[in-house]
Novice: 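What follows is a single structure, and I will ask about it in a moment.
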Amino acid sequence: MADTEKSPIATVHQRVTHAFMQHWRKHSNKYPKLIRLPGDQARQLDKMNSMRSPGEMWGVPVEIDETTKGEMIGIDGEVIDLATIELP
């Protein structure tokens with residue numbers, strides 16, 4: 001793997017983590033309602049978070065939806081496209 005490429009598993013985890021941080025800043029540390037991911041990304045996220053219950057991240061349910069590329073549903077109903085989250 002080239003230096004500029006990232007593991008797909010790590011990338012999914014990083015995008016979700018950064019989406020949480022953005023949501024917390026915008027909504028006074030409140031958690032989002034839901035994370036929707038296609039099945040392959042949901043499984044990748046579960047691998048990165050093996051110390052928690054499958055199908056959730058930090059208490060937020062992870063729903064499998066093959067019609068999405070990955071999104072977080074905010075506490076206010078805003079849909080955050082995870083593909084648009086910039087990674088460091």
Novice: For the atom pair CG (N29) and CZ (F20), what is the distance rounded to the nearest 0.5 Å?
Specialist: 12.0 Å
Novice: Is any side-chain heavy atom of T11 closer than 4.5 Å to a side-chain heavy atom of R15?
Specialist: yes
Novice: What pair of heavy atoms forms the shortest contact from I73 to P32, and how long is it?
Specialist: O-CB, 3.3 Å
Novice: Just do the side-chain contact (heavy atoms from CB on, under 4.5 Å) check on M72 and E78 with the steps written out, would you?
Specialist: CA-CA 8 Å; M72 178 179 282; E78 176 186 8; over 6 Å; no
Novice: In the structure I gave you, are the side-chain heavy atoms of V12 and Q41 within less than 4.5 Å of one another anywhere?
Specialist: yes
Novice: If we only count heavy atoms from C-beta on, is the K33 to V60 side-chain gap below 4.5 Å?
Specialist: no
Novice: Taking atom CD of Q22 and atom CZ of R25, what is their separation to the nearest 0.5 Å?
Specialist: 6.0 Å
Novice: For the pair H23 (side chain) and K30 (backbone), establish whether a donor and an acceptor sit closer than 3.5 Å, ignoring hydrogens and angles.
Specialist: yes
Novice: Please report the interatomic distance CG(D46) to NE2(H13), rounded to the nearest 0.5 Å.
Specialist: 10.5 Å
Novice: So do K69 and L82 actually touch side chain to side chain, heavy atoms under 4.5 Å?
Specialist: no
Novice: Let me see the working for T17 and M57 under side-chain contact (heavy atoms from CB on, under 4.5 Å), right down to the final yes or no.
Specialist: CA-CA 9 Å; T17 300; M57 182 166 177; 3.6 Å; yes
Novice: How far does CD1 of I85 sit from CE of M21, to the nearest 0.5 angstrom?
Specialist: 9.5 Å
Novice: Can you tell me if E66 uses its side chain to pair, donor with acceptor, with the backbone of G39 under 3.5 Å?
Specialist: yes
Novice: Can you list the residues that meet the side-chain contact (heavy atoms from CB on, under 4.5 Å) rule with P61, with sequence neighbours excluded?
Specialist: L34
Novice: Kindly check if the number of other-residue, nucleotide or ligand heavy atoms within 6.0 Å of CD (E86) is above 12?
Specialist: no
Novice: Start with the C-alpha gap between Y31 and W58, add the side-chain angles, then the distance that decides, and say whether ring-ring contact (aromatic ring centres under 6.0 Å, His included) holds.
Specialist: CA-CA 9 Å; Y31 282 78; W58 301 332; 7.6 Å; no
Novice: Is there a side-chain contact (heavy atoms from CB on, under 4.5 Å) between V62 and L37? Walk through the geometry before answering.
Specialist: CA-CA 7 Å; V62 176; L37 298 170; 3.9 Å; yes
Novice: As a quick check of understanding, evaluate side-chain contact (heavy atoms from CB on, under 4.5 Å) for T68 and R36, giving each step before the final call.
Specialist: CA-CA 7 Å; T68 182; R36 267 193 210 118; 4.1 Å; yes
